[in-house]
Amino acid sequence: MRGETLPQVSVIGLGYIGLPTAAIIARSGMRVHGMDVTPNVVDTINRGEIHIEEVDLDGLVQGVVARGLPTASLKVSPADVFVIAVPTPFAKDGQHTPDLTYVLEAARNVAAVIKPGDLVILESTSPVGTTEQMRDMLAGQRPDLAMPGLCDGTPDISIAYCPERVLPGHILEELTNNDRSIGGITPRCARKALAFYKRFVRGTCVTTDAKSAEMTKLVENAYRDVNIAFANELSMISDAMGLDVWEVISLANRHPRVNILTPGPGVGGHCIAVDPWFIVSASPEHSPLIRTARGVNDGKIHHVIARASALVEANPGAKIACLGLAFKANIDDFRESPARLVAATLARRFGARIHVVEPYAAELPREFTGTGAVQTDIDSALEECDVLIVLVDHDLFKSVPLAERAHKQVYDTRGIWPDQPRAEAAAVVEELRKAG
Ligand code: SAJ
(Lines give C-alpha, C1' and ligand atoms only; values in the text may rest on other atoms or scores of the structure.)
Protein backbone atom coordinates (compact mmCIF):
# COMPACT_ATOMS: atom_id res chain seq x y z
CA MET A 1 0.00 0.00 0.00
CA ARG A 2 1.54 3.25 -1.14
CA GLY A 3 2.43 5.78 1.52
CA GLU A 4 1.57 3.46 4.40
CA THR A 5 3.68 3.62 7.58
CA LEU A 6 5.27 0.30 8.36
CA PRO A 7 4.83 -0.95 11.93
CA GLN A 8 7.83 -0.99 14.23
CA VAL A 9 8.43 -4.41 15.77
CA SER A 10 9.95 -5.49 19.08
CA VAL A 11 11.15 -9.10 19.21
CA ILE A 12 11.64 -10.44 22.73
CA GLY A 13 14.09 -13.36 22.97
CA LEU A 14 16.82 -13.57 20.31
CA GLY A 15 17.46 -17.32 20.23
CA TYR A 16 16.97 -20.00 17.59
CA ILE A 17 13.53 -18.61 16.64
CA GLY A 18 13.61 -14.96 17.74
CA LEU A 19 16.82 -13.97 15.94
CA PRO A 20 15.93 -15.43 12.51
CA THR A 21 12.41 -13.98 12.89
CA ALA A 22 13.81 -10.52 13.72
CA ALA A 23 16.16 -10.72 10.73
CA ILE A 24 13.41 -11.74 8.32
CA ILE A 25 11.05 -9.03 9.55
CA ALA A 26 13.87 -6.49 9.18
CA ARG A 27 14.58 -7.76 5.66
CA SER A 28 10.97 -6.98 4.74
CA GLY A 29 11.68 -3.34 5.58
CA MET A 30 10.12 -3.00 9.04
CA ARG A 31 12.20 -1.45 11.81
CA VAL A 32 12.98 -4.12 14.40
CA HIS A 33 14.21 -3.79 17.97
CA GLY A 34 15.45 -7.01 19.51
CA MET A 35 15.60 -7.70 23.23
CA ASP A 36 17.46 -10.45 25.05
CA VAL A 37 18.43 -10.94 28.69
CA THR A 38 21.98 -12.10 27.81
CA PRO A 39 24.43 -9.18 27.33
CA ASN A 40 26.74 -11.27 25.13
CA VAL A 41 23.86 -12.06 22.73
CA VAL A 42 22.93 -8.37 22.48
CA ASP A 43 26.56 -7.28 21.85
CA THR A 44 27.10 -10.01 19.26
CA ILE A 45 24.01 -9.05 17.25
CA ASN A 46 24.80 -5.34 17.39
CA ARG A 47 28.19 -6.18 15.83
CA GLY A 48 26.28 -7.82 12.95
CA GLU A 49 27.36 -11.29 14.12
CA ILE A 50 25.34 -14.28 15.38
CA HIS A 51 25.60 -16.58 18.41
CA ILE A 52 23.90 -19.62 16.83
CA GLU A 53 24.66 -21.83 13.83
CA GLU A 54 21.99 -21.63 11.16
CA VAL A 55 22.28 -21.85 7.40
CA ASP A 56 22.63 -18.36 5.79
CA LEU A 57 21.60 -16.55 9.01
CA ASP A 58 25.02 -14.90 9.44
CA GLY A 59 24.83 -13.17 6.05
CA LEU A 60 21.25 -12.04 6.60
CA VAL A 61 21.94 -10.58 10.07
CA GLN A 62 25.10 -8.88 8.83
CA GLY A 63 23.17 -7.33 5.95
CA VAL A 64 20.24 -6.01 7.96
CA VAL A 65 22.42 -4.75 10.84
CA ALA A 66 24.56 -2.89 8.30
CA ARG A 67 21.36 -1.14 7.15
CA GLY A 68 20.69 -0.25 10.80
CA LEU A 69 17.40 -2.16 10.89
CA PRO A 70 17.51 -4.49 13.89
CA THR A 71 19.03 -3.12 17.03
CA ALA A 72 19.41 -5.33 20.09
CA SER A 73 19.23 -4.28 23.73
CA LEU A 74 18.61 -5.62 27.22
CA LYS A 75 15.30 -3.73 27.49
CA VAL A 76 12.05 -4.07 25.54
CA SER A 77 11.67 -1.07 23.23
CA PRO A 78 8.30 0.57 22.53
CA ALA A 79 6.89 -0.62 19.18
CA ASP A 80 3.60 -1.28 17.39
CA VAL A 81 3.97 -5.08 17.33
CA PHE A 82 5.60 -7.23 20.05
CA VAL A 83 6.71 -10.77 19.17
CA ILE A 84 7.58 -12.96 22.18
CA ALA A 85 9.88 -15.90 21.38
CA VAL A 86 11.31 -17.02 24.72
CA PRO A 87 11.84 -20.59 26.04
CA THR A 88 9.12 -22.61 27.78
CA PRO A 89 11.11 -25.32 29.61
CA PHE A 90 9.89 -27.84 32.17
CA ALA A 91 9.40 -26.67 35.73
CA LYS A 92 11.91 -28.14 38.17
CA ASP A 93 9.23 -30.30 39.84
CA GLY A 94 10.19 -33.48 37.98
CA GLN A 95 6.55 -33.79 36.81
CA HIS A 96 7.06 -32.48 33.24
CA THR A 97 4.88 -29.46 33.96
CA PRO A 98 5.62 -26.34 31.89
CA ASP A 99 7.46 -23.37 33.36
CA LEU A 100 5.93 -20.14 32.04
CA THR A 101 8.26 -17.83 33.94
CA TYR A 102 10.04 -16.53 30.81
CA VAL A 103 6.77 -15.90 28.92
CA LEU A 104 5.20 -14.05 31.82
CA GLU A 105 8.38 -12.05 32.48
CA ALA A 106 8.47 -11.06 28.79
CA ALA A 107 4.81 -10.00 29.01
CA ARG A 108 5.57 -7.98 32.15
CA ASN A 109 8.29 -6.11 30.23
CA VAL A 110 5.92 -5.53 27.31
CA ALA A 111 3.25 -4.22 29.69
CA ALA A 112 5.56 -1.37 30.67
CA VAL A 113 5.66 0.01 27.11
CA ILE A 114 2.45 -0.96 25.28
CA LYS A 115 0.03 1.70 24.08
CA PRO A 116 -3.44 1.63 22.51
CA GLY A 117 -3.39 0.11 19.01
CA ASP A 118 -0.48 -2.28 19.71
CA LEU A 119 -0.44 -5.98 18.86
CA VAL A 120 1.18 -8.57 21.18
CA ILE A 121 2.04 -11.96 19.68
CA LEU A 122 3.22 -15.03 21.57
CA GLU A 123 5.27 -17.45 19.42
CA SER A 124 6.78 -19.65 22.17
CA THR A 125 5.48 -23.23 22.27
CA SER A 126 3.05 -23.07 25.16
CA PRO A 127 0.40 -25.09 26.97
CA VAL A 128 -3.21 -24.44 26.04
CA GLY A 129 -4.47 -21.32 27.83
CA THR A 130 -1.10 -19.53 28.03
CA THR A 131 -2.08 -16.67 25.71
CA GLU A 132 -5.12 -15.91 27.89
CA GLN A 133 -2.90 -16.13 30.96
CA MET A 134 -0.55 -13.63 29.31
CA ARG A 135 -3.55 -11.38 28.54
CA ASP A 136 -4.61 -11.56 32.19
CA MET A 137 -1.15 -10.58 33.31
CA LEU A 138 -1.12 -7.61 30.88
CA ALA A 139 -4.57 -6.62 32.19
CA GLY A 140 -3.27 -6.71 35.76
CA GLN A 141 -0.25 -4.57 34.89
CA ARG A 142 -2.15 -2.12 32.68
CA PRO A 143 -5.69 -1.55 34.04
CA ASP A 144 -5.81 1.61 31.89
CA LEU A 145 -6.01 -0.50 28.69
CA ALA A 146 -9.14 -2.40 27.55
CA MET A 147 -8.07 -6.00 26.89
CA PRO A 148 -9.55 -8.34 24.23
CA GLY A 149 -12.09 -10.76 25.64
CA LEU A 150 -12.37 -8.76 28.86
CA CYS A 151 -14.18 -5.65 27.64
CA ASP A 152 -17.51 -4.93 25.94
CA GLY A 153 -16.39 -2.44 23.34
CA THR A 154 -13.35 -2.32 21.08
CA PRO A 155 -10.22 -3.37 23.01
CA ASP A 156 -7.19 -1.08 23.12
CA ILE A 157 -4.73 -3.79 22.16
CA SER A 158 -4.75 -7.05 20.20
CA ILE A 159 -3.27 -10.34 21.41
CA ALA A 160 -2.58 -13.49 19.37
CA TYR A 161 -0.76 -16.81 19.47
CA CYS A 162 1.26 -17.70 16.32
CA PRO A 163 3.61 -20.65 16.70
CA GLU A 164 6.56 -21.27 14.41
CA ARG A 165 7.07 -24.65 12.72
CA VAL A 166 10.62 -24.34 11.43
CA LEU A 167 13.19 -27.12 11.23
CA PRO A 168 16.71 -26.30 12.50
CA GLY A 169 18.98 -26.19 9.47
CA HIS A 170 16.15 -24.82 7.28
CA ILE A 171 14.90 -22.00 9.50
CA LEU A 172 15.10 -19.04 7.11
CA GLU A 173 13.47 -20.89 4.25
CA GLU A 174 10.74 -22.38 6.46
CA LEU A 175 10.01 -19.13 8.34
CA THR A 176 9.14 -17.58 5.01
CA ASN A 177 7.44 -20.45 3.19
CA ASN A 178 5.64 -22.58 5.81
CA ASP A 179 1.93 -22.14 6.40
CA ARG A 180 1.08 -20.66 9.82
CA SER A 181 -1.77 -20.93 12.30
CA ILE A 182 -2.73 -17.59 13.78
CA GLY A 183 -4.88 -17.74 16.89
CA GLY A 184 -6.46 -14.56 18.16
CA ILE A 185 -7.92 -14.01 21.60
CA THR A 186 -10.78 -12.64 19.47
CA PRO A 187 -11.35 -12.83 15.68
CA ARG A 188 -10.39 -9.17 15.45
CA CYS A 189 -7.02 -9.92 17.12
CA ALA A 190 -6.49 -12.78 14.65
CA ARG A 191 -7.15 -10.50 11.70
CA LYS A 192 -4.69 -7.92 13.00
CA ALA A 193 -1.98 -10.59 13.46
CA LEU A 194 -2.77 -11.99 10.01
CA ALA A 195 -2.11 -8.60 8.41
CA PHE A 196 1.26 -8.47 10.19
CA TYR A 197 2.43 -11.97 9.14
CA LYS A 198 1.32 -11.40 5.55
CA ARG A 199 4.05 -8.76 5.30
CA PHE A 200 6.84 -11.39 5.45
CA VAL A 201 5.31 -14.91 5.24
CA ARG A 202 4.71 -16.43 1.80
CA GLY A 203 2.95 -19.58 3.14
CA THR A 204 -0.79 -19.58 3.78
CA CYS A 205 -1.76 -18.01 7.13
CA VAL A 206 -4.90 -19.56 8.63
CA THR A 207 -6.73 -17.82 11.45
CA THR A 208 -8.31 -19.50 14.46
CA ASP A 209 -8.68 -18.87 18.21
CA ALA A 210 -5.67 -18.74 20.52
CA LYS A 211 -6.34 -22.04 22.33
CA SER A 212 -6.73 -24.00 19.08
CA ALA A 213 -3.47 -22.53 17.77
CA GLU A 214 -1.68 -23.45 21.03
CA MET A 215 -2.98 -27.02 20.84
CA THR A 216 -2.14 -27.31 17.12
CA LYS A 217 1.52 -26.61 17.82
CA LEU A 218 1.67 -29.25 20.57
CA VAL A 219 -0.21 -31.75 18.41
CA GLU A 220 2.27 -31.36 15.52
CA ASN A 221 5.22 -32.32 17.70
CA ALA A 222 3.30 -35.06 19.57
CA TYR A 223 2.31 -36.55 16.19
CA ARG A 224 5.95 -36.76 15.17
CA ASP A 225 6.97 -38.19 18.55
CA VAL A 226 4.32 -40.93 18.36
CA ASN A 227 5.41 -41.85 14.83
CA ILE A 228 9.11 -41.94 15.75
CA ALA A 229 8.16 -44.10 18.76
CA PHE A 230 6.55 -46.60 16.40
CA ALA A 231 9.80 -46.81 14.39
CA ASN A 232 11.90 -47.10 17.55
CA GLU A 233 9.65 -49.82 18.97
CA LEU A 234 9.99 -51.76 15.70
CA SER A 235 13.77 -51.47 15.95
CA MET A 236 13.78 -53.01 19.43
CA ILE A 237 11.40 -55.80 18.37
CA SER A 238 13.60 -56.45 15.31
CA ASP A 239 16.73 -56.58 17.49
CA ALA A 240 15.09 -59.20 19.70
CA MET A 241 14.08 -61.22 16.62
CA GLY A 242 17.46 -60.81 14.87
CA LEU A 243 15.82 -58.97 11.97
CA ASP A 244 17.14 -55.95 10.06
CA VAL A 245 14.67 -53.19 10.95
CA TRP A 246 15.81 -51.01 8.03
CA GLU A 247 14.94 -53.71 5.57
CA VAL A 248 11.57 -54.39 7.25
CA ILE A 249 10.67 -50.67 7.22
CA SER A 250 11.74 -50.11 3.64
CA LEU A 251 9.70 -53.11 2.52
CA ALA A 252 6.66 -51.99 4.53
CA ASN A 253 6.98 -48.44 3.13
CA ARG A 254 6.42 -49.83 -0.35
CA HIS A 255 2.75 -50.15 0.69
CA PRO A 256 1.01 -47.06 -0.75
CA ARG A 257 -0.51 -46.06 2.59
CA VAL A 258 2.41 -46.89 4.94
CA ASN A 259 5.15 -44.34 5.72
CA ILE A 260 7.14 -45.43 8.78
CA LEU A 261 9.74 -42.96 10.07
CA THR A 262 13.36 -43.73 10.86
CA PRO A 263 14.55 -45.36 14.11
CA GLY A 264 17.41 -43.67 15.95
CA PRO A 265 19.07 -43.68 19.37
CA GLY A 266 16.05 -41.84 20.86
CA VAL A 267 14.41 -38.45 20.35
CA GLY A 268 16.38 -35.31 21.18
CA GLY A 269 16.14 -31.56 20.91
CA HIS A 270 14.00 -29.24 22.98
CA CYS A 271 10.72 -29.58 21.07
CA ILE A 272 9.64 -33.11 20.25
CA ALA A 273 10.92 -34.59 23.51
CA VAL A 274 9.26 -31.79 25.51
CA ASP A 275 6.04 -30.56 23.91
CA PRO A 276 4.02 -33.81 24.15
CA TRP A 277 4.30 -33.55 27.93
CA PHE A 278 2.40 -30.22 27.80
CA ILE A 279 -0.58 -32.20 26.49
CA VAL A 280 -0.09 -35.07 28.96
CA SER A 281 0.22 -32.80 31.96
CA ALA A 282 -2.95 -30.90 30.95
CA SER A 283 -5.03 -34.01 30.27
CA PRO A 284 -3.33 -37.07 31.81
CA GLU A 285 -6.39 -39.32 31.77
CA HIS A 286 -6.93 -38.88 28.04
CA SER A 287 -3.37 -39.13 26.74
CA PRO A 288 -2.08 -42.71 27.30
CA LEU A 289 -0.77 -43.01 23.73
CA ILE A 290 1.19 -39.74 23.80
CA ARG A 291 2.64 -40.60 27.25
CA THR A 292 3.60 -44.11 26.14
CA ALA A 293 5.30 -42.78 23.00
CA ARG A 294 7.47 -40.55 25.18
CA GLY A 295 8.35 -43.61 27.28
CA VAL A 296 9.21 -45.69 24.19
CA ASN A 297 11.50 -42.99 22.79
CA ASP A 298 13.25 -42.46 26.13
CA GLY A 299 13.48 -46.24 26.55
CA LYS A 300 15.22 -46.51 23.17
CA ILE A 301 18.19 -44.60 24.60
CA HIS A 302 18.67 -47.30 27.26
CA HIS A 303 18.25 -50.05 24.70
CA VAL A 304 21.07 -48.46 22.65
CA ILE A 305 23.28 -48.11 25.73
CA ALA A 306 22.74 -51.81 26.58
CA ARG A 307 23.39 -52.98 23.05
CA ALA A 308 26.45 -50.76 22.57
CA SER A 309 27.86 -51.87 25.94
CA ALA A 310 27.40 -55.53 24.95
CA LEU A 311 29.31 -54.87 21.72
CA VAL A 312 32.16 -53.15 23.61
CA GLU A 313 32.37 -56.02 26.10
CA ALA A 314 32.38 -58.56 23.28
CA ASN A 315 35.52 -56.87 21.90
CA PRO A 316 37.90 -56.64 24.90
CA GLY A 317 40.76 -54.19 24.41
CA ALA A 318 39.35 -52.76 21.15
CA LYS A 319 39.14 -49.00 20.70
CA ILE A 320 35.57 -47.83 20.15
CA ALA A 321 34.50 -44.87 17.99
CA CYS A 322 31.23 -43.15 18.91
CA LEU A 323 30.17 -41.22 15.81
CA GLY A 324 28.23 -38.07 16.68
CA LEU A 325 26.91 -36.15 19.70
CA ALA A 326 24.37 -33.77 18.12
CA PHE A 327 20.64 -34.37 18.55
CA LYS A 328 20.27 -34.78 14.78
CA ALA A 329 22.22 -34.63 11.55
CA ASN A 330 24.43 -31.75 10.39
CA ILE A 331 23.75 -29.31 13.23
CA ASP A 332 25.80 -28.10 16.20
CA ASP A 333 22.97 -28.46 18.74
CA PHE A 334 23.75 -30.89 21.57
CA ARG A 335 20.84 -30.08 23.87
CA GLU A 336 18.78 -33.07 25.04
CA SER A 337 20.76 -35.25 22.66
CA PRO A 338 20.39 -39.04 22.99
CA ALA A 339 23.71 -39.50 21.14
CA ARG A 340 25.45 -37.39 23.76
CA LEU A 341 23.87 -39.39 26.59
CA VAL A 342 24.83 -42.72 25.01
CA ALA A 343 28.43 -41.63 24.33
CA ALA A 344 28.86 -40.13 27.82
CA THR A 345 27.53 -43.31 29.46
CA LEU A 346 29.95 -45.44 27.41
CA ALA A 347 32.76 -43.02 28.32
CA ARG A 348 32.01 -43.48 32.04
CA ARG A 349 31.88 -47.26 31.62
CA PHE A 350 34.81 -47.83 29.28
CA GLY A 351 36.99 -44.69 29.74
CA ALA A 352 39.95 -44.26 27.39
CA ARG A 353 38.70 -46.93 25.00
CA ILE A 354 36.00 -44.48 23.83
CA HIS A 355 36.94 -42.13 20.98
CA VAL A 356 34.29 -39.55 20.12
CA VAL A 357 33.96 -38.02 16.64
CA GLU A 358 31.82 -34.89 16.42
CA PRO A 359 32.75 -32.49 13.63
CA TYR A 360 30.37 -29.83 15.02
CA ALA A 361 31.95 -29.71 18.53
CA ALA A 362 35.19 -27.85 19.30
CA GLU A 363 35.56 -29.92 22.48
CA LEU A 364 33.77 -32.67 24.37
CA PRO A 365 30.92 -31.57 26.68
CA ARG A 366 31.74 -31.27 30.37
CA GLU A 367 30.30 -34.65 31.40
CA PHE A 368 33.16 -36.36 29.52
CA THR A 369 35.74 -34.66 31.76
CA GLY A 370 37.65 -37.20 33.86
CA THR A 371 36.28 -40.22 31.98
CA GLY A 372 39.45 -40.65 29.89
CA ALA A 373 37.41 -40.61 26.65
CA VAL A 374 39.07 -38.65 23.85
CA GLN A 375 37.81 -36.57 20.94
CA THR A 376 39.17 -37.48 17.54
CA ASP A 377 38.46 -36.97 13.84
CA ILE A 378 36.85 -39.41 11.46
CA ASP A 379 40.12 -40.35 9.70
CA SER A 380 41.91 -41.25 12.95
CA ALA A 381 38.83 -43.12 14.21
CA LEU A 382 38.71 -45.23 11.06
CA GLU A 383 42.44 -45.97 11.36
CA GLU A 384 42.50 -46.74 15.09
CA CYS A 385 39.09 -48.09 16.15
CA ASP A 386 37.83 -51.64 15.54
CA VAL A 387 34.27 -50.92 16.71
CA LEU A 388 32.12 -48.10 15.28
CA ILE A 389 28.92 -46.98 16.98
CA VAL A 390 26.92 -44.63 14.72
CA LEU A 391 24.82 -42.24 16.81
CA VAL A 392 24.19 -39.34 14.41
CA ASP A 393 23.59 -39.41 10.65
CA HIS A 394 25.93 -36.52 9.79
CA ASP A 395 26.77 -36.39 6.05
CA LEU A 396 30.44 -36.81 6.98
CA PHE A 397 29.73 -40.27 8.43
CA LYS A 398 27.35 -41.30 5.65
CA SER A 399 30.11 -40.72 3.09
CA VAL A 400 32.51 -43.32 4.62
CA PRO A 401 32.79 -46.02 1.92
CA LEU A 402 32.30 -49.69 2.70
CA ALA A 403 36.00 -50.42 2.04
CA GLU A 404 36.95 -48.36 5.12
CA ARG A 405 34.53 -50.14 7.47
CA ALA A 406 33.78 -53.59 6.05
CA HIS A 407 36.19 -55.26 8.49
CA LYS A 408 34.92 -53.33 11.55
CA GLN A 409 32.31 -54.25 14.13
CA VAL A 410 29.51 -51.73 13.55
CA TYR A 411 26.41 -50.78 15.52
CA ASP A 412 24.55 -48.34 13.26
CA THR A 413 21.67 -46.84 15.26
CA ARG A 414 20.68 -44.56 12.33
CA GLY A 415 20.79 -47.01 9.43
CA ILE A 416 23.27 -44.89 7.45
CA TRP A 417 25.28 -47.85 6.08
CA PRO A 418 22.76 -50.33 4.62
CA ASP A 419 25.62 -52.18 2.85
CA GLN A 420 27.45 -52.99 6.12
CA PRO A 421 27.83 -56.76 6.66
CA ARG A 422 25.53 -57.80 9.52
CA ALA A 423 27.57 -60.54 11.20
CA GLU A 424 27.79 -58.46 14.36
CA ALA A 425 24.04 -58.21 14.86
CA ALA A 426 23.45 -61.86 15.67
CA ALA A 427 26.43 -61.89 18.07
CA VAL A 428 25.10 -58.88 19.98
CA VAL A 429 21.57 -60.29 20.18
CA GLU A 430 23.12 -63.42 21.67
CA GLU A 431 25.15 -61.36 24.20
CA LEU A 432 22.00 -59.46 25.20
CA ARG A 433 20.03 -62.68 25.52
CA LYS A 434 22.69 -64.17 27.81
CA ALA A 435 22.74 -60.96 29.88
CA GLY A 436 18.95 -61.36 30.32
N1 SAJ B 1 14.12 -38.39 14.68
C2 SAJ B 1 14.20 -39.76 14.56
N3 SAJ B 1 13.59 -40.36 13.48
C4 SAJ B 1 12.92 -39.64 12.53
C5 SAJ B 1 12.84 -38.23 12.67
C6 SAJ B 1 13.46 -37.63 13.75
O7 SAJ B 1 14.78 -40.45 15.40
O8 SAJ B 1 12.43 -40.24 11.59
C9 SAJ B 1 14.74 -37.72 15.84
C10 SAJ B 1 15.88 -36.77 15.45
O11 SAJ B 1 17.09 -37.46 15.29
C12 SAJ B 1 15.90 -35.84 16.66
C13 SAJ B 1 14.42 -35.75 17.04
O14 SAJ B 1 13.79 -36.89 16.45
O15 SAJ B 1 16.62 -36.42 17.73
C16 SAJ B 1 13.71 -34.50 16.60
O17 SAJ B 1 14.13 -34.13 15.28
P18 SAJ B 1 13.14 -33.58 14.16
O19 SAJ B 1 13.94 -33.32 12.95
O20 SAJ B 1 11.99 -34.50 14.02
O21 SAJ B 1 12.53 -32.27 14.80
P22 SAJ B 1 13.12 -30.92 15.49
O23 SAJ B 1 13.09 -31.12 16.97
O24 SAJ B 1 14.39 -30.47 14.88
O25 SAJ B 1 11.98 -29.88 15.04
C26 SAJ B 1 10.62 -30.16 15.34
C27 SAJ B 1 9.80 -30.02 14.04
N28 SAJ B 1 8.45 -30.51 14.27
C29 SAJ B 1 7.86 -31.40 13.41
O30 SAJ B 1 8.43 -31.87 12.45
C31 SAJ B 1 6.45 -31.77 13.70
C32 SAJ B 1 9.77 -28.55 13.61
O33 SAJ B 1 8.94 -28.37 12.48
C34 SAJ B 1 9.28 -27.67 14.77
O35 SAJ B 1 9.28 -26.30 14.41
C36 SAJ B 1 10.24 -27.86 15.92
O37 SAJ B 1 10.18 -29.24 16.33
C38 SAJ B 1 9.81 -26.94 17.07
O39 SAJ B 1 10.46 -25.90 17.26
O40 SAJ B 1 8.80 -27.20 17.71
Side-chain angles (χ1 to χ4, degrees), residues 13 15-21 52-55 85-89 98 122-127 161-181 203 213-236 245-246 249-250 253 259-279 290 293-294 296-301 303-304 323-342 360 390-394 397-398 412-416:
Y16 276 86
I17 300 303
L19 178 57
T21 303
I52 54 176
E53 278 282 328
E54 180 57 38
V55 181
V86 296
T88 41
L122 179 61
E123 283 208 3
S124 312
T125 304
S126 301
Y161 180 71
C162 308
E164 52 71 31
R165 332 178 123 136
V166 296
L167 206 60
H170 305 260
I171 293 182
L172 291 183
E173 188 261 318
E174 292 209 355
L175 265 181
T176 313
N177 293 320
N178 286 358
D179 294 350
R180 297 196 70 136
S181 321
E214 288 162 343
M215 185 61 171
T216 303
K217 171 68 191 179
L218 302 179
V219 164
E220 289 163 5
N221 283 349
Y223 169 85
R224 192 149 169 89
D225 196 44
V226 168
N227 281 281
I228 298 170
F230 184 71
N232 278 334
E233 186 162 295
L234 289 184
S235 73
M236 293 185 275
V245 69
W246 312 103
I249 289 176
S250 89
N253 280 350
N259 187 12
I260 302 169
L261 293 183
T262 316
V267 168
H270 22 272
C271 306
I272 296 202
V274 174
D275 304 351
W277 287 115
F278 291 1
I279 300 177
I290 296 173
R294 277 282 69 248
V296 170
N297 285 331
D298 284 346
K300 180 67 194 286
I301 303 176
H303 175 88
V304 168
L323 303 187
L325 294 176
F327 90 84
K328 63 186 220 177
N330 306 325
I331 59 169
D332 72 335
D333 194 335
F334 309 104
R335 292 174 292 175
E336 321 293 335
S337 169
R340 176 176 168 175
L341 184 61
V342 171
Y360 291 87
V390 180
L391 297 171
V392 183
D393 43 344
H394 288 320
F397 305 150
K398 282 189 190 166
D412 178 2
T413 70
R414 296 278 187 176
I416 62 169

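Just follow the structure's listing: the first ligand is 1, and inside any ligand the first atom is 1.
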Whether Lys300 side chain and Gly264 backbone form a donor-acceptor pair below 3.5 Å: yes
Could you establish whether Glu174 and ligand 1 come within less than 4.0 Å of each other, counting only heavy atoms on the residue side? no
In the protein, what heavy atom is nearest to atom 4 (C) of ligand 1, and what distance, to one decimal place, separates them? Thr262 O, 3.5 Å
Using distance alone, determine whether Phe327 and ligand 1 share an N or O pair under 3.5 Å. yes
Is any side-chain heavy atom of Trp277 closer than 4.5 Å to a side-chain heavy atom of Arg294? yes
Check for me whether Cys271 has a heavy atom closer than 4.0 Å to any atom of ligand 1. yes
Check salt bridge (Lys or Arg N to Asp or Glu O under 4.0 Å) between Arg180 and all other residues, then give those that pass, not counting sequence neighbours. Glu123
Please determine whether any non-hydrogen atom of His270 lies less than 4.0 Å from an atom of ligand 1. no
Below 4.0 angstrom, N of the basic side chain to O of the carboxylate: do Lys398 and Asp393 qualify? no
Could you name the option among Arg224, His170, Lys217 that has the heavy atom nearest to atom 5 (C) of ligand 1? Arg224
Positive for side-chain contact (heavy atoms from CB on, under 4.5 Å) with Ile228, one of Ile260, Val267, Thr262: Val267
Does any N or O atom in Arg414 lie less than 3.5 angstrom from one in ligand 1, N or O only? yes
I want to check something: taking the side chain as every heavy atom from C-beta on, are Thr216 and Arg165 in contact at a cut-off of under 4.5 Å? yes
Per-atom contacts of ligand 1 with Glu220, taking only distances under 4.0 Å to non-hydrogen atoms: 31 (C)
Say whether Gly268, considering both its backbone and side-chain N or O atoms, lies within less than 3.5 Å of an N or O atom on ligand 1. yes
Should Leu391 and Arg340 count as side-chain neighbours, where that means a heavy-atom distance under 4.5 Å? no
Atom 6 (C) of ligand 1 has as its nearest protein heavy atom Ile228 CD1, 3.4 Å
If you count the atoms of ligand 1 from 1 in the order shown, which ones are under 4.0 Å from a heavy atom of Arg165? 32 (C), 33 (O), 34 (C), 35 (O)
Under a 4.5 Å cut-off applied to non-hydrogen side-chain atoms, are Pro338 and Thr413 in contact? no
With only distance considered, is Val166 within less than 3.5 Å of ligand 1 through an N or O on each side? yes
Considering only protein heavy atoms, which is closest to atom 24 (O) of ligand 1, and at what distance to one decimal place? Lys328 NZ, 2.8 Å
Could you check whether any side-chain heavy atom of Tyr161 comes within less than 4.5 Å of a side-chain heavy atom of Lys217, counting everything from C-beta outward? yes
Ile272 heavy atoms within 4.0 Å reach ligand 1 at atoms 20 (O), 21 (O), 23 (O), 26 (C)
Can you find an N or O of Asn221 that's nearer than 3.5 Å to an N or O of ligand 1? yes
Numbering as shown, the atoms of ligand 1 that approach Leu167 to under 4.0 Å (heavy-atom distance): 19 (O), 21 (O), 24 (O), 25 (O), 27 (C), 32 (C)
Non-hydrogen side-chain atoms of Val392 and Tyr360 separated by less than 4.5 Å: no
